[in-house]
Every structure is written in C-alpha cells, then in structure tokens.
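Below: one structure, written as structure tokens.
Note: hydrogens, waters and symmetry copies are ignored here, and every other heavy atom, side chains too, is used.
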Amino acid sequence: FRSYPDQAQVVDPVLLAKLHDPEVVIRLRAADALVHVDVQTAIKAGVIPVLMEILKNPDDQIAWQVPGILGDMGPKAASAVPALVASSHSSSRLVADAATRALQQIGPAAANESLK
C-alpha cells in the first residue's frame with residue numbers, strides 16, 4: 001500500500017482499520033504504510049500513539065522499526081520525542097540507535113533532547 005500514495009482515497013480506509021488490529025505486526029505495517037501514503041490522515045487517525053505503544057514491545061525486532069517510521073515523519077512526529085528520547089537510552093543497541101537516528105530526522109531540538 002505504501003507504494004501507492006496517489007491512491008490514498010482507496011487505501012486509507014483499509015489502513016485505518018488495521019491500526020487497531022490485535023496483531024502488533026499488522027498495526028506496525030499499517031502505520032508504516034499510512035505514514036507514507038497520507039501522513040496528515042495518519043496523524044489525525046492517531047498513528048503516533050499507536051507507534052509509541054509498539055515502541056514498548058519487548059521484542060526488539062518489532063520495536064526497532066518504530067523509530068524509522070517516526071523519523072520519516074520528520075518534525076510532524078515531534079509529539080513522539082519523549083518516547084524516542086527514552087528509547088535512545090534503551091539497553092538494546094538496535095532500538096537505541098534507531099531512536100537516535102529518528103530524533104535527528106525529527107529535528108535538531110529533538111536530537112539535543114537525547115543528549116540530556
């Protein structure tokens with residue numbers, strides 16, 4: 001779906017429904033696709049809280065993917081900065097490195113927060 005940003009009217013309803021799927025990987029993939037198809041709709045639909053919840057997943061192979069999606073949102077993901085700052089100090093290098101990169105993508109102020 002993320003390959004068809006020109007089809008937002010068709011794919012948005014499908015992706016929005018999947019943001020609330022009981023399976024974490026489906027929610028993750030729906031959030032990723034929605035952010036890349038229609039970021040404004042993603043924000044209005046509450047994709048950032050969904051992603052911040054997934055970021056807490058104990059499986060690092062799932063959690064490390066969240067910062068990349070938030071980073072792709074750039075400054076529009078500013079509300080996720082506190083969660084990313086916390087994750088940048090994770091005991092998992094995979095999650096910590098991804099969170100640090102996301103903070104840099106969101107903006108200089110966010111990156112500076114991670115240094116505190």
**OP:** Measure the shortest side-chain to side-chain distance between Met73 and Leu70 over non-hydrogen atoms and say whether it is less than 4.5 angstrom.
**Re:** yes
Original post:
Got a sec, which pairs hit side chain to side chain donor-acceptor pair (under 3.5 Å) with one end in residues 20-29, sequence neighbours left out?
Top reply: Arg29-Gln65
Original post:
Out of curiosity, Leu84 CG to Met52 CE, how far, rounded to the nearest 0.5 Å?
Top reply: 8.5 Å
Original post:
How long is the span from the NZ atom in Lys44 to the CG atom in Asp38, to the nearest 0.5 Å?
Top reply: 8.5 Å
Original post:
Under a 4.5 Å cut-off applied to non-hydrogen side-chain atoms, are Leu28 and Val50 in contact?
Top reply: no
Subject >> Residues that Lys56 engages under salt bridge (Lys or Arg N to Asp or Glu O under 4.0 Å), provided they are two or more places apart >> reply: Glu53
**OP:** Enter the distance from Ser88:OG to Arg101:CZ here, rounded to the nearest 0.5 Å.
**Re:** 12.0 Å
Original post:
What pairs with Ser79 under side chain to side chain donor-acceptor pair (under 3.5 Å), at least two apart in sequence or on another chain?
Top reply: none
Original post:
If you round to the nearest 0.5 Å, how far is CD1 of Ile48 from CG of Leu55?
Top reply: 12.5 Å
Original post:
Are Ile26 and Ile69 connected in the hydrophobic side-chain network, where two residues link if heavy atoms are under 4.5 Å apart?
Top reply: no
Original post:
With sequence neighbours excluded, what pairs up with Ala31 under the side chain to side chain contact (heavy atoms under 4.5 Å, CB included) test?
Top reply: Leu19, Val47, Leu51
**OP:** Could you tell me which residues satisfy side chain to side chain contact (heavy atoms under 4.5 Å, CB included) with Gln61, sequence neighbours excluded, listed by chain and number?
**Re:** Asp59, Trp64, Leu94
**OP:** Determine yes or no for a side-chain-to-main-chain donor-acceptor pair under 3.5 angstrom, with Ser87 supplying the side chain and Ser90 the backbone.
**Re:** no
**OP:** Scan residues 79-92 for pairs that pass salt bridge (Lys or Arg N to Asp or Glu O under 4.0 Å), counting only residues two or more places apart or in two chains.
**Re:** none
**OP:** Provide the closest heavy-atom pair for Pro67 versus Ala98 in the form atom of the first, atom of the second, distance.
**Re:** CB-O, 3.3 Å
Original post:
Does anything in residues 73-83 pair up under salt bridge (Lys or Arg N to Asp or Glu O under 4.0 Å), and if so which pairs, sequence neighbours excluded?
Top reply: none
